[in-house]
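Notes to accompany the following structure.
Below, read A as the first sequence line, B as the second, and so on, with proteins coming before strands; counting in each chain starts at 1. The basis for the numbers below is simple: all heavy atoms, side chains too, and nothing from hydrogens, waters or symmetry mates. Keep in mind that this is a model prediction, so the values were computed, not measured.
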Amino acid sequence: MNDGIGPDRQQLLADLLCGDRRLDDPAVGAYLAKDPSLRVEFEELSALEARIEAVASRERELLSAALAVEDRRPNEPKLVPAERADAASIPHRAGRGSKVSGSKVWGPKLWLGLAAAAAVVVAGSLWWPDAVPSHRDDQRVLSGQAVVLHEEVLRDGSRRFTWESTLRGATFEAMVYDPAVGQGKPLAEREAGLENQTEWTLEPGLAGQVRTGFRLRVVAFAGGREKPFELSLQ
Amino acid sequence: MWPSDQSPEPTIVPHLESLEGGGTVAHPADLGLVRAVLAQEPRAVEQFTARMKCLPRYVAVCNARAGRPLRAEEAEDTAQDVAILVWRKLSLYRGDATLETWAFRFCDLELRNAARKALMRRAPSVEDLAERGMVLPAAMAAVDEAELVHAALARLPADEAMVMRLKHFEGLTFDEIGTRQAISPNTVKTRYYRALAAMRAQLGPKNEEP
């Protein structure tokens, strides 16, 4: 410290930074009159404080966005901002009691990589899932109205899509299409159906043609408006 | 079988008395878990593995926020790289943040590096850059800035760094920090001021884009 005020100066700065004292406090004003650099130092430290807080708040926000998706459970739809859609599109493990079959929820490359790394640490003792639930769920949010989409591969090879909607009185049109081909030539289509009919099953022949990356598109019609929702299929 | 499909698992009891740092460990339970993992305790490894399943989602969120510089398969590869990195760095975990937060920082950094490589590889068009221009550089700059701040934090004395982390990264008040650390609020504030002053010396003023 450079002013002869010594520890008092530090204490004053600490008090100012922690909000215990204010710059317009007369006692603080007296210090500032004796040491104008105090204000400069306070402003520099406040700027640094804001800089750290910006980093911290960004981390908190990103973590919270990821954890919000992580915490989802079937039948407990949670509205998330549209920018979290990428995370939501990652297959999510099913909750307790879900049936297990052979499809992959977690990317095999990821688990192989993890397993290889883990083997260095705990050779032979590490567990990694090699079978995952066939049922998975996903959700998309557009304009604050959610349709929660589910995809389920049945034992006979057919695929059942179901969705739940917050749109009252909506009817739905659905299609499965290859993004490389476009929506103009869908693999399969379901015309707009009855109100609240929220299920569609692709018979095994068609279901067998679905490839990873194909998309399920559900368009909800309600109140003269339409809203599309999509799910990337596995 | 998923770990959660089994009956509820007992939480790993950390060997608190053996933890280094005593009161300067913000998350002793997580540090205990990591120690148990490093000691090759199978149940601990299972718990740790289950918790690290958040990594692909972290990468996905970071990728989305950055304007999706990585394609789906690249994001998957990045998540894999992060997982390996986390394993390799596990012995460096000190319990300063929760395991998930600690791992998240690897996601942040790896995604930035992968995005830079991907952009160089793809040599994006002017239109593509213009489209991403408002998002990607800012996102990368945010990661760079976070790296600087965390590096400065890491160079602080442990007690001061702890106060700074609890205040900003965990959102505690000074009183709450004092209670948690069993120190007076005044001591908390003094440490906070010292930490800020030391970080200012390390970081200097922020370089703003022209």
Side-chain angles (χ1 to χ4, degrees), chain A residues 10-11 13-15 17-18 20 44-45 47-49 51-60 62-63 65-67 69-70 83-90 92-98 100 106-107 109-114 116-118 120-122 125-129 131-133 213 232, chain B residues 1-5 37-38 40 42 45-46 49 52-58 60-65 68 72 75-77 79-81 83-84 86-88 90 100-101 104-105 108 142 145-146 148-150 153 164 168-169 171 174 186 188-190 192-194 196-197 199-200 203 205-206:
Chain A
Q10 287 185 30
Q11 187 60 51
L13 272 171
D15 287 349
L17 289 164
C18 297
D20 290 347
E44 286 177 2
L45 290 171
L48 175 61
E49 206 177 22
R51 191 174 162 185
I52 296 166
E53 181 55 29
V55 169
S57 65
R58 172 182 169 274
E59 283 193 14
R60 285 198 305 267
L62 286 171
L63 276 164
L67 291 173
V69 178
E70 181 75 3
E83 64 186 0
R84 298 177 193 164
D86 271 19
S89 72
I90 287 183
H92 189 271
R93 73 176 190 183
R96 290 181 186 212
S98 293
V100 173
W106 291 89
K109 282 197 289 184
L110 173 65
W111 294 118
L112 283 173
L114 277 166
V120 175
V121 183
V122 275
S125 68
L126 188 58
W127 169 93
W128 295 104
V132 293
S232 183
Chain B
M1 183 188 297
W2 296 100
S4 59
D5 290 335
V37 170
L38 294 173
Q40 303 181 18
V45 173
E46 279 189 20
T49 303
M52 289 301 102
K53 283 175 181 169
C54 59
L55 294 180
R57 289 171 198 282
Y58 285 3
V61 166
C62 291
N63 192 36
R65 187 59 59 88
R68 299 181 183 84
E76 188 182 315
D77 287 345
Q80 177 181 336
D81 292 342
I84 291 169
V86 165
W87 273 108
R88 285 184 180 154
L90 202 53
E100 285 81 0
T101 302
F104 168 80
R105 291 179 190 140
D108 215 14
E145 171 75 349
L148 282 175
V149 167
H150 282 296
L153 271 172
M164 192 59 74
H168 286 288
F169 290 86
F174 291 116
N186 275 342
V188 174
K189 291 170 186 174
T190 302
Y192 181 72
Y193 164 74
R194 286 182 185 153
L196 266 183
M199 289 181 77
R200 181 181 56 159
L203 292 170
K206 186 175 181 180

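The side-chain contact (heavy atoms from CB on, under 4.5 Å) search around B:Leu148 returns A:Arg51, B:Glu145, B:Leu203, not counting sequence neighbours.
Between B:Cys62 and A:Leu62, the shortest heavy-atom contact is SG-CD1, 4.3 Å. Taking every heavy atom of both residues into account, B:His168 and A:Ala56 meet most closely at O-CB, 3.3 Å. Considering every non-hydrogen atom in both B:Met164 and A:Ile52, the closest pair reads SD-CD1, 4.1 Å.
With a 4.5 angstrom heavy-atom cutoff, B:Phe174 touches chain A only via side-chain atoms.
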> Checking side-chain hydrogen bond (donor to acceptor under 3.5 Å, both in side chains) for the pair B:His150/A:Glu59: CA distance, chi angles, key distance, verdict?
Replying inline: CA-CA 12 Å; B:His150 282 296; A:Glu59 283 193 14; 2.5 Å; yes
>> Working note: B:Leu196 + A:Glu44, criterion side-chain contact (heavy atoms from CB on, under 4.5 Å); need CA distance, chi angles, decisive distance, verdict.
In response: CA-CA 10 Å; B:Leu196 266 183; A:Glu44 286 177 2; over 6 Å; no
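We find the CZ-CG distance between B:Arg105 and A:Leu63 to be 8.5 Å, quoted to the nearest 0.5 Å. How far CG of A:Leu13 is from OH of B:Tyr193: 4.5 Å, rounded to the nearest 0.5 Å. Atom CD in A:Glu49 sits 3.0 Å away from atom OH in B:Tyr192 (nearest 0.5 Å).
By the 4.0 Å N-to-carboxylate-O rule, B:Lys189 lies too far from A:Asp15 to be salt-bridged with it.
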